[in-house]
Amino acid sequence: MIVLMRLGWYLAMVAVTVLALLPIEHLQMPMFDWWDKAQHALAFVVLTGWALLLWPQAAMRVALSMLAYGAGLELAQWAVGWRFAEWADLAADAVGVFVAWGLVRWLRSHQFMGIESNSK
């Protein structure tokens, strides 16, 4: 089961990377008509929370890696030329990472859904 959950996480990371690097005109579908910063924060809440559940013993490494991933996406958007890198996007990514961190810690402290930490 854990192998499938990790595979799903890797696929989600690939999907977010592809969406982040697509030319903007390819993203004009209604499901992408959200405020840009909310998209960043939500993506990073989901990806970081998922990773924290998959690798609880490496929580700090997960959080720092997700911040680095967000910075890497911004650099890649700057490099491709048809997207724009923004400090505000990186800040929204960081908000998502910290929200996920807090949410997973809260869930673990309440032993919600049997979620336990191996890092105690």
Side-chain angles (χ1 to χ4, degrees):
M1 181 64 157
I2 193 79
V3 172
L4 288 176
M5 291 175 63
R6 286 182 179 169
L7 177 61
W9 182 81
Y10 288 120
L11 291 174
M13 290 286 287
V14 168
V16 167
T17 302
V18 168
L19 289 172
L21 297 178
L22 278 175
I24 293 172
E25 59 269 10
H26 293 293
L27 299 177
Q28 298 304 318
M29 299 178 293
M31 69 176 166
F32 293 104
D33 197 26
W34 307 334
W35 185 44
D36 182 52
K37 304 312 173 257
Q39 289 179 20
H40 280 264
L42 180 60
F44 276 76
V45 166
V46 171
L47 292 172
T48 303
W50 195 347
L52 288 168
L53 295 175
L54 289 172
W55 295 283
Q57 71 284 0
M60 182 62 72
R61 194 170 354 145
V62 165
L64 293 174
S65 295
M66 292 304 297
L67 291 171
Y69 171 69
L73 282 179
E74 292 306 310
L75 286 173
Q77 286 181 335
W78 170 78
V80 295
W82 56 78
R83 294 295 297 258
F84 303 98
E86 295 182 39
W87 286 106
D89 287 348
L90 185 55
D93 298 344
V95 167
V97 169
F98 292 119
V99 167
W101 178 283
L103 181 61
V104 170
R105 283 187 60 118
W106 181 83
L107 291 173
R108 285 189 180 130
S109 72
H110 290 83
Q111 296 182 346
F112 188 70
M113 298 178 359
I115 296 171
E116 297 179 18
S117 174
N118 296 337
S119 61
K120 289 184 179 179

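Side-chain atoms are counted along with the backbone in the values below, which use heavy atoms only and exclude waters and symmetry mates. No experiment lies behind these values; they were computed from the predicted model shown.
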What pair of heavy atoms forms the shortest contact from V62 to A51, and how long is it? CG1-CB, 3.6 Å
pair D93-L67: side-chain heavy atoms closer than 4.5 Å: no
Side chains of V16 and L19 in contact at under 4.5 Å (non-hydrogen atoms): no
Would you call R6 and W55 a side-chain contact if the rule is heavy atoms closer than 4.5 Å? yes
Linking I/L/V/M/F/W/Y whenever their side-chain heavy atoms sit closer than 4.5 Å, directly or via other members, would W50 and V97 fall into one cluster? yes
At their closest point, which heavy atom of A92 faces which heavy atom of H40, and how far apart are they? CB-CB, 3.7 Å
Quick one: do L73 and T17 satisfy side chain to side chain contact (heavy atoms under 4.5 Å, CB included)? Show the steps, please. CA-CA 7 Å; L73 282 179; T17 302; 4.1 Å; yes
Do W9 side-chain atoms and T48 backbone N/O form a donor-acceptor pair below 3.5 Å? no
Parallel under 30°, tilted from 30 to 60°, perpendicular over 60°: which one fits the rings of Y69 and F44? tilted
Interatomic distance, R61 atom CZ to L52 atom CG [nearest 0.5 angstrom]: 12.0 Å
Same cluster for V46 and L11 if Ile/Leu/Val/Met/Phe/Trp/Tyr side chains link at under 4.5 Å? no
Check the hydrophobic clustering (I, L, V, M, F, W, Y; side-chain heavy atoms under 4.5 Å; chains of links allowed) and say if V18 and L21 are grouped together. no
Same cluster (ILVMFWY, side-chain, under 4.5 Å), W82 and L22: no
Close side-chain approach of W101 and M60, heavy atoms under 4.5 Å: yes
All heavy atoms of A100 vs all of G49, minimum pair found to be CB-N, 3.5 Å
Counting distance only, does the side-chain N/O of Q77 pair as donor-acceptor with the main-chain N or O of A85 below 3.5 Å? no
Is L54 linked to V104 within one hydrophobic cluster, defined over Ile, Leu, Val, Met, Phe, Trp and Tyr using a side-chain heavy-atom separation of less than 4.5 Å? yes
Closest approach of A88 to K37 (non-hydrogen atoms, all atoms of both residues): CB-CE, 3.4 Å
